[in-house]
Protein chains: 2
Amino acid sequence: MENIREIFQVMTRHFGFLNKNCCTVGGHDISLIHSHILYEIDKQHNPSMQQIAATLGTDITTFSRQVQSLVKMNLVKKSPLPEDKRISVLSLTAEGKFIAAVIDEQMNTMLNEVFANMNEFERETVVRSIKLLNASMAKTSYCCTTPMR
Amino acid sequence: MENIREIFQVMTRHFGFLNKNCCTVGGHDISLIHSHILYEIDKQHNPSMQQIAATLGTDITTFSRQVQSLVKMNLVKKSPLPEDKRISVLSLTAEGKFIAAVIDEQMNTMLNEVFANMNEFERETVVRSIKLLNASMAKTSYCCTTPMR
DNA sequence: GAATAATACTTGCAAAATGCAAATAATAAA
DNA sequence: TTTATTATTTGCATTTTGCAAGTATTATTC
C-alpha cells in the first residue's frame with residue numbers, strides 16, 4: 001500500500017502555504033490566526049469565547065488575548081450574554097465583516113486557481129472526496145478533534 | 001456553487017488536530033514542528049538546512065535554532081558537506097530514526113482509523129483525489145508554495 | 001438563603017518561538 | 001587578491017504561548 005501519510009502531509013503543507021499568503025487588507029495586517037478567528041465568528045451563530053477557542057483548538061487564555069487585539073483593531077465585538085453575564089458573545093463589526101469578506105474572496109480566488117487545473121469531473125470528485133474525508137474524521141473523534149486540556 | 005473554502009478549512013483543521021495528537025515517544029516530547037522536521041529529513045536525501053527550511057516554509061534563522069535543539073536531543077546530526085563546507089547536511093541519528101518511525105506509525109494508525117469509515121471504492125477515490133489536488137497545488141505556484149522572503 | 005462549588009473569562013509571569021539585522025565562515029567572481 | 005555571494009549562526013527585541021492564580025457570575029448544597 002502506498003504511503004497515505006505522505007500525501008496528506010504534502011496536501012496540508014500546500015494548503016498551509018495558501019493560507020499564509022493571506023491577508024493584508026486595507027492597511028490591516030491580518031495574521032493567519034486572526035483570519036481564522038474572523039472566519040469562525042462569522043460562521044457560527046453568536047458564539048462564545050469558549051466555542052471559538054475549542055473550534056480552533058486554541059488555549060482559552062491565548063484566545064482571550066487574541067480576541068482582545070481584534071477588539072482593539074475594531075474588527076470584533078464582545079458583548080456579555082444577558083442571561084449569563086459570564087459569557088461573552090462574539091460578533092464581527094462592520095469593518096470585521098468587510099475584512100472577513102475580502103479574505104474569503106482572496107481564498108476562493110486561490111482555490112479556483114487550483115481547481116482550474118482540473119476538468120469538471122475531477123473537480124466534483126475532489127470535492128466529494130474531501131467531504132467524505134471530513135465526515136470520516138468527524139466520526140473518528142479520538143484522533144481529529146480538539147484535544148482535551 | 002458550494003463553499004469550497006469551507007470544506008478545505010474543516011479538513012485542514014481536522015488534520016491539524018490529528019497532527020497535534022502526536023508525539024510523546026520514549027520520554028521525548030516531540031513538538032509538531034520537530035516531528036515535521038524529522039519527517040522531512042528522513043524523506044529527503046542528504047538535505048541541507050535551506051532545503052528543509054524551504055520545504056517547511058520556516059524562516060532560516062528560526063529553523064537553525066530548531067535544528068540546534070534537535071541536535072541537542074540527539075535526534076539529528078549536522079555534518080558539513082565536504083565539497084562545500086558552508087552547507088550542513090542533515091541526517092537522523094539512530095534515535096532520531098526510531099522516533100520518526102514511531103511517529104509515522106502513530107500517524108498511519110490514525111489515518112487507517114479514518115479510512116476504516118469508508119469502503120474500498122471510497123478510499124481509492126479519496127486517495128486519488130488528494131493526489132490530484134496536490135498536483136494542482138504544485139502547479140499553481142503563486143498560491144501554495146513557500147512564500148519568498 | 002448563606003456558604004460552597006462550578007463556570008467563563010482575564011491577568012501575571014516566565015518560558016519559548018519568531019524574525020530582522022548583523023556576524024561569521026566558506027566559496028565564487030571579478 | 002579583492003570583492004561579491006552564499007549558507008548558516010547569533011544578538012536582540014518583539015510576540016506568542018500556557019500554566020497558575022485571579023475576578024466575576026451563576027449553580028448547588030446544606
Side-chain angles (χ1 to χ4, degrees), chain A residues 16-17 19-24 28-38 40-41 44 46-73 76-91 146-149, chain B residues 16-17 19-24 28-38 40-41 44 46-73 76-91 146-149:
Chain A
F17 286 141
N19 261 284
K20 258 192 201 165
N21 280 349
C22 243
C23 307
T24 303
H28 286 289
D29 221 4
I30 310 293
S31 77
L32 182 57
I33 300 165
H34 281 173
S35 86
H36 280 168
I37 295 174
L38 295 180
E40 279 304 324
I41 293 177
Q44 293 185 31
N46 288 336
S48 70
M49 301 271 294
Q50 285 199 327
Q51 275 166 33
I52 303 287
T55 305
L56 299 176
T58 311
D59 181 89
I60 186 72
T61 73
T62 301
F63 185 74
S64 171
R65 279 181 266 250
Q66 286 166 347
V67 167
Q68 278 170 44
S69 69
L70 285 169
V71 169
K72 240 175 246 157
M73 292 160 91
V76 167
K77 212 180 95 185
K78 233 168 43 181
S79 351
L81 187 72
E83 58 266 39
D84 186 343
K85 287 169 215 149
R86 289 171 300 181
I87 297 175
S88 285
V89 171
L90 299 174
S91 57
T146 315
M148 252 129 288
R149 284 166 200 269
Chain B
F17 286 141
N19 261 285
K20 257 191 201 166
N21 281 349
C22 243
C23 308
T24 303
H28 285 288
D29 222 3
I30 309 292
S31 76
L32 181 57
I33 300 166
H34 282 173
S35 85
H36 280 169
I37 296 174
L38 295 179
E40 280 303 323
I41 293 177
Q44 294 185 30
N46 289 336
S48 70
M49 301 273 294
Q50 284 199 327
Q51 274 166 34
I52 303 288
T55 305
L56 299 175
T58 311
D59 181 89
I60 186 72
T61 72
T62 302
F63 184 74
S64 171
R65 279 181 266 251
Q66 285 165 348
V67 168
Q68 278 171 43
S69 71
L70 285 168
V71 169
K72 237 174 247 157
M73 293 160 91
V76 167
K77 211 180 95 186
K78 233 167 41 181
S79 351
L81 188 72
E83 58 266 41
D84 185 343
K85 287 168 215 149
R86 290 172 299 182
I87 297 174
S88 285
V89 170
L90 300 174
S91 57
T146 315
M148 253 129 287
R149 282 167 201 267

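Numbers restart at 1 for each chain; the letters A, B, ... are given by sequence-line order, proteins then strands. All values below come from the heavy atoms of this structure, side chains included, with hydrogens, waters and symmetry mates left out.
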From CZ of A:Phe63 across to P of C:dC9 the rounded distance in Å is 9 Å
Q.
Please check this pair: side chain of B:Thr62 against backbone of B:Thr58, looking for a donor-acceptor N/O pair closer than 3.5 Å.
A. no
Exercise for the section: Answer yes or no: does a side-chain N or O of B:Gln66 lie under 4.0 Å from OP1 or OP2 of C:dA16? Expected result: no
Base of C:dC9, side chain of A:Thr61 - is there a donor-acceptor contact under 3.5 Å?
no
The nucleotide from D:dG18, D:dT25, C:dC9 with an atom nearest the side chain of A:Asp84 is D:dT25
Separation of D:dT8 atom P from B:Leu90 atom CG, nearest Å, is 8 Å
Min side-chain heavy-atom separation B:Lys78-B:Val89 under 4.5 Å: no
*asked:* Is it the case that atom NZ in A:Lys77 sees more than 12 heavy atoms from other parts of the structure closer than 6.0 Å?
replied: no
(message) Taking only side-chain N and O atoms of A:Thr62, does any of them lie within less than 4.0 angstrom of OP1 or OP2 on D:dT16?
(response) no
Whole-Å distance, A:Ile37 CD1 to D:dT16 P, equals 11 Å
**Study point:** Polar pair under 3.5 Å, donor/acceptor by atom type, side chain A:Arg86, base C:dT7
**Key:** yes
B:Ile60 CD1 to D:dT5 C1', in whole Å, measures 16 Å
In whole angstroms, the gap separating P of D:dT26 from CG of A:Leu81 amounts to 10 Å
B:Asp59 CG to D:dT9 P, in whole Å, measures 13 Å
Test side-chain contact (heavy atoms from CB on, under 4.5 Å), reference B:Leu56, set B:Gln51, B:Glu40, B:Gln66, output is B:Glu40
Taking for B:Val89 and for A:Ser31 the nucleotide of DNA chain D with the nearest heavy atom, the one nearer the 5' end belongs to B:Val89
For a quick test of reading the model: is some side-chain N or O of B:Lys78 closer than 4.0 Å to OP1 or OP2 of D:dT9? yes
By nearest-heavy-atom nucleotide on DNA chain D, the more 5' of B:Gln51 and B:Arg65 is B:Gln51
B:Met49 and B:Leu90 have their tightest heavy-atom pair at SD-CD2, 3.9 Å
Atom CD1 of A:Ile52 and atom C1' of C:dA8 are separated, to the nearest Å, by 15 Å
TODO: Output yes when at least one side-chain N/O atom of A:Gln68 is less than 4.0 Å from OP1 or OP2 of C:dC9, else no.
DONE: no
Whole-Å distance, A:Lys85 NZ to C:dT10 C1', equals 18 Å
Considering only heavy side-chain atoms of A:Gln50, the closest of D:dT17, C:dA8, C:dA26 is C:dA8
